[in-house]
Amino acid sequence: MSAPKKLFIKTYGCQMNVYDSERMAEALGGEGYVQTDTADDADMILLNTCHIREKAAEKVYSELGRFKPLKAENPDLKIGVAGCVAQAEGAEIIARQPMVDLVVGPQSYHRLPELERKAREGEKALDTDFPEEDKFDHLKTRPQARRGPTAFLTVQEGCDKFCAFCVVPYTRGAEVSRPAEGVMTEARDLVERGVREITLLGQNVNAYHGHDGGLAGLIWDLAEIDGLERIRFTTSHPNDMDEALIAAHGECEKLMPYLHLPVQAGSDKVLKAMNRKHTAEGYLRLIERIRAARPDLLLSGDFIVGFPGETEADFQATLDLVEEVGYGQAYSFKYSTRPGTPAAERAQVGEAEKNDRLQRLQALLNDQQRAAQDAMVGREVKVLFEKPGRQSGQMVGKSEYLHAVHVTSDKVERGDLRPVRIVQSNSNSLAGDVL
Ligand code: SAH
Ligand code: SF4
Ligand code: F3S
């Protein structure tokens with residue numbers, strides 16, 4: 001048998017790309033590839049890319065430039081671009097960077113073995129179709145290797161919402177849900193291999209309709225799996241938070257008290273221009289209902305500052321909304337003009353204003369994040385331990401609220417779920433004692 005070929009995958013963007021990278025490695029595993037963690041000795045380099053903001057997309061080209069010497073050294077090295085930049089730019093990538101051999105969009109990963117063969121034969125391989133067949137049906141069951149205690153599982157892909165700033169509906173296509181049976185089979189397989197926490201993924205995961213009972217129905221079925229201790233899901237859209245899902249937050253013990261529910265902005269004028277189809281008030285009332293079901297829920301969100309037409313008063317409305325909600329964690333971004341999206345055509349906010357607003361918003365969000373962390377001191381949480389910490393004898397895991405928690409103990413192992421008393425709040429994590 002010939003020596004295995006080496007595959008180096010670099011992943012950018014959201015968790016769905018992390019999941020996809022695992023599946024691509026599996027698809028190429030069948031072609032004799034094993035993964036390596038450096039580009040230097042690879043026979044194939046795959047960049048799994050993100051197109052969400054300009055910076056993310058441009059990174060791909062600077063990264064490709066860095067592989068040039070490797071390709072000069074090893075003419076058999078194949079270089080592929082996958083993910084959302086591949087979908088958005090397709091053949092243009094090869095035109096701009098001719099050393100790229102393979103371009104594959106997010107819906108065509110199951111065709112990777114074919115594409116790889118084509119590239120090996122010296123042809124350029126390109127596939128950015130939205131095929132009729134379901135890629136999940138074609139991606140064979142996973143190899144039986146042991147896994148860490150946490151895993152992502154994509155259940156829904158694509159988006160029909162068309163927010164005026166966003167490329168996702170174009171790069172990932174229309175909303176599609178995987179049938180619940182396939183999800184359950186994959187979940188059981190993960191649990192058999194050591195997984196205790198599953199995060200269900202989708203660009204609009206709460207629009208999931210692969211189960212008669214929607215996402216809540218799927219969560220309740222998953223909760224029946226022995227050995228699966230925790231369920232999370234991300235990312236949700238406010239307009240798809242139905243009654244059953246809200247209730248599940250109060251009633252399903254395995255569903256963790258953490259919810260990422262982006263609002264993007266606090267001004268109704270801006271929300272309307274963004275095509276979000278909800279108001280600030282509607283969002284606030286929704287949060288009230290969710291917190292009534294699960295009072296200790298930790299909320300997370302996404303914000304865009306400097307959307308075209310956003311005035312200082314509009315931005316103030318975002319700060320007001322943040323004050324009113326109180327986030328435990330949040331991501332905030334400067335609006336980035338994306339070619340082909342409706343907002344790209346509108347009058348843009350100046351860079352200096354965007355920078356100023358981002359700083360002010362982040363200062364407020366950081367304070368809230370810190371306060372949420374500090375409020376954990378003295379409390380008992382449950383931690384699912386994932387890996388050793390930096391110092392010897394240390395283990396790190398996540399609490400129900402997704403806070404990283406460090407303990408020093410020789411009695412805990414990877415995969416243990418243990419009660420911990422929080423004793424200290426550090427800049428980005430908590431420290432505790434195992435009980
Ligand atoms: N489907 C999810 C998130 C998709 S992208 C949702 O609807 O919430 C993740 C985040 O990137 C978005 O929530 C938004 O805050 C940000 N984002 C998307 N497009 C952007 C753009 N053009 N400029 C800046 N931030 C953007
Ligand atoms: Fe993008 Fe809006 Fe769809 Fe989220 S809901 S993926 S922000 S278009
Ligand atoms: Fe980026 Fe595509 Fe995810 S654009 S955020 S990798 S869906």
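Counting starts at 1 for both ligands and their atoms, in listed order. This chain uses plain numbering: 1 for the first residue, then up along the sequence.
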At a 4.0 Å threshold, what atoms of ligand 2 neighbour a non-hydrogen atom of [X]?
X: His237; value: 5 (S)
X: Phe162; value: 8 (S)
X: Asn204; value: 3 (Fe), 5 (S)
X: Phe165; value: 7 (S)
X: Lys161; value: 3 (Fe), 5 (S)

Could you identify the single nearest non-hydrogen protein atom to [atom] and state the distance to 0.1 Å?
atom: atom 7 (S) of ligand 3; value: Gln203 NE2, 3.1 Å
atom: atom 6 (S) of ligand 3; value: Asn17 ND2, 3.3 Å
atom: atom 2 (Fe) of ligand 2; value: Cys163 SG, 2.3 Å
atom: atom 5 (S) of ligand 1; value: Ile52 CD1, 3.5 Å
atom: atom 4 (S) of ligand 3; value: His51 N, 3.2 Å
atom: atom 7 (O) of ligand 1; value: Arg276 NH1, 3.8 Å
atom: atom 3 (Fe) of ligand 3; value: Cys14 SG, 2.3 Å
atom: atom 13 (O) of ligand 1; value: Asp302 OD2, 2.6 Å
atom: atom 8 (O) of ligand 1; value: Pro262 CG, 3.1 Å

- Message: Among Val305, Asp302, Asn366, Leu365, which residue satisfies the side-chain contact (heavy atoms from CB on, under 4.5 Å) criterion with Ser332?
- Response: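 Running side-chain contact (heavy atoms from CB on, under 4.5 Å) over Val305, Asp302, Asn366, Leu365 with Ser332 returns exactly one hit, Leu365.
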
- Considering all heavy atoms of both residues, which atom of Arg23 and which atom of Glu186 are nearest to each other, and what is their separation?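 Heavy atoms of Arg23 and Glu186 come nearest at NH1-OE2, 3.1 Å.
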
- Message: I need the contact type for Met16 against ligand 3. Using non-hydrogen atoms and a strict under-4.0 Å cut-off, is it side chain, backbone, both or neither?
- Response: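 None of Met16 does.
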
[X], [atom1]: over 12 other non-hydrogen atoms inside 6.0 angstrom:
X: Gln316; atom1: CD; value: yes
X: Lys124; atom1: NZ; value: yes
X: Glu253; atom1: CD; value: no

- For atom 20 (C) of ligand 1, is some protein heavy-atom partner under 4.0 Å away?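 Yes; the ligand atom in question has protein heavy-atom contact below 4.0 Å.
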
- Any protein heavy atom < 4.0 Å from atom 4 (Fe) of ligand 2: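 Neighbour list for atom 4 (Fe) of ligand 2 is empty of protein heavy atoms (cut-off 4.0 Å).
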
- Would Tyr327 and Phe303 count as a close aromatic pair, with their ring centres under 6.0 Å?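 For Tyr327 and Phe303, the ring centres are under 6.0 Å apart.
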
- Would you check if the distance from the ring center of Tyr170 to the ring center of Phe162 is below 6.0 Å?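 They qualify: ring centres under 6.0 Å apart.
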
Check: [X]/[Y] side-chain N/O donor and acceptor closer than 3.5 Å:
X: Ser425; Y: Asp374; answer: yes
X: Tyr258; Y: Gln329; answer: no
X: Thr234; Y: Gln15; answer: no
X: Ser336; Y: Glu54; answer: no

- Please indicate whether any nitrogen or oxygen in Asn204 is less than 3.5 Å from any nitrogen or oxygen in ligand 1.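 No: no nitrogen or oxygen of Asn204 is under 3.5 Å from one in ligand 1.
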
- Quick check: does Ser336 get an N/O under 3.5 Å from an N/O on ligand 1?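 Such a contact does occur with ligand 1.
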
- Answer yes or no for Cys84: is there an N/O/S atom below the 2.8 Å cut-off from atom 3 (Fe) of ligand 3?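 No.
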
Counting heavy atoms only, which of [options] is nearest [atom]?
atom: atom 1 (Fe) of ligand 2; options: Cys166, Pro169, Pro262, Pro238; answer: Cys166
atom: atom 6 (S) of ligand 2; options: Thr235, Asp160, Val168; answer: Val168
atom: atom 1 (Fe) of ligand 3; options: Ala88, Pro106, Cys50; answer: Cys50

- Task: Please work out whether any backbone atom (N, CA, C, O) or any side-chain heavy atom from C-beta onward of Phe333 is under 4.0 Å from ligand 1, and answer side chain, backbone, both or neither.
- Result: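 Just the side chain.
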
- Message: Just to be sure I read this right, does ligand 1 sit under 4.0 Å from the backbone of Thr235, its side chain, both, or neither, counting only heavy atoms?
- Response: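 Within the 4.0 Å criterion, Thr235 contacts ligand 1 through side-chain atoms alone.
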
If you count the atoms of ligand 1 from 1 in the order shown, which ones are under 4.0 Å from a heavy atom of [X]?
X: Lys334; value: 23 (N), 24 (C)
X: Gln264; value: 8 (O), 12 (C), 13 (O), 14 (C), 15 (O)
X: Gln203; value: 1 (N), 2 (C)
X: Arg53; value: 11 (O), 16 (C), 17 (N), 23 (N), 24 (C), 25 (N), 26 (C)

- Query: Can any side-chain N or O of Arg346 pair as donor or acceptor with the backbone N or O of Ala273 at less than 3.5 Å?
  - Reply: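 Pair found, side chain donor or acceptor close to backbone of Ala273.
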
- Message: Closer than 3.5 angstrom, by distance alone: can the side chain of Lys254 be matched with the main-chain N or O of Leu228 as a donor-acceptor pair?
- Response: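 At least one qualifying donor-acceptor pair exists.
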
- Check ion pair Glu31-Lys5 (N to O, under 4.0 angstrom):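 Looking at Glu31 and Lys5, the cut-off is not met.
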
- Message: Whether Lys78 and Asp76 form a salt bridge (side-chain N of Lys/Arg under 4.0 Å from carboxylate O of Asp/Glu) is what I want to check.
- Response: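 No, no charged N to carboxylate O under 4.0 Å.
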
- Could you tell me whether Arg96 sits above the aromatic face of Tyr61, with NZ or CZ closer than 6.0 angstrom to the six-membered ring centre and within 45 degrees of the axis?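 Yes, Arg96 sits over the ring of Tyr61.
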
- What distance do Ile9 atom CD1 and Asp20 atom CG have between them, rounded to the nearest 0.5 Å?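 Here the rounded value is 10.0 Å.
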
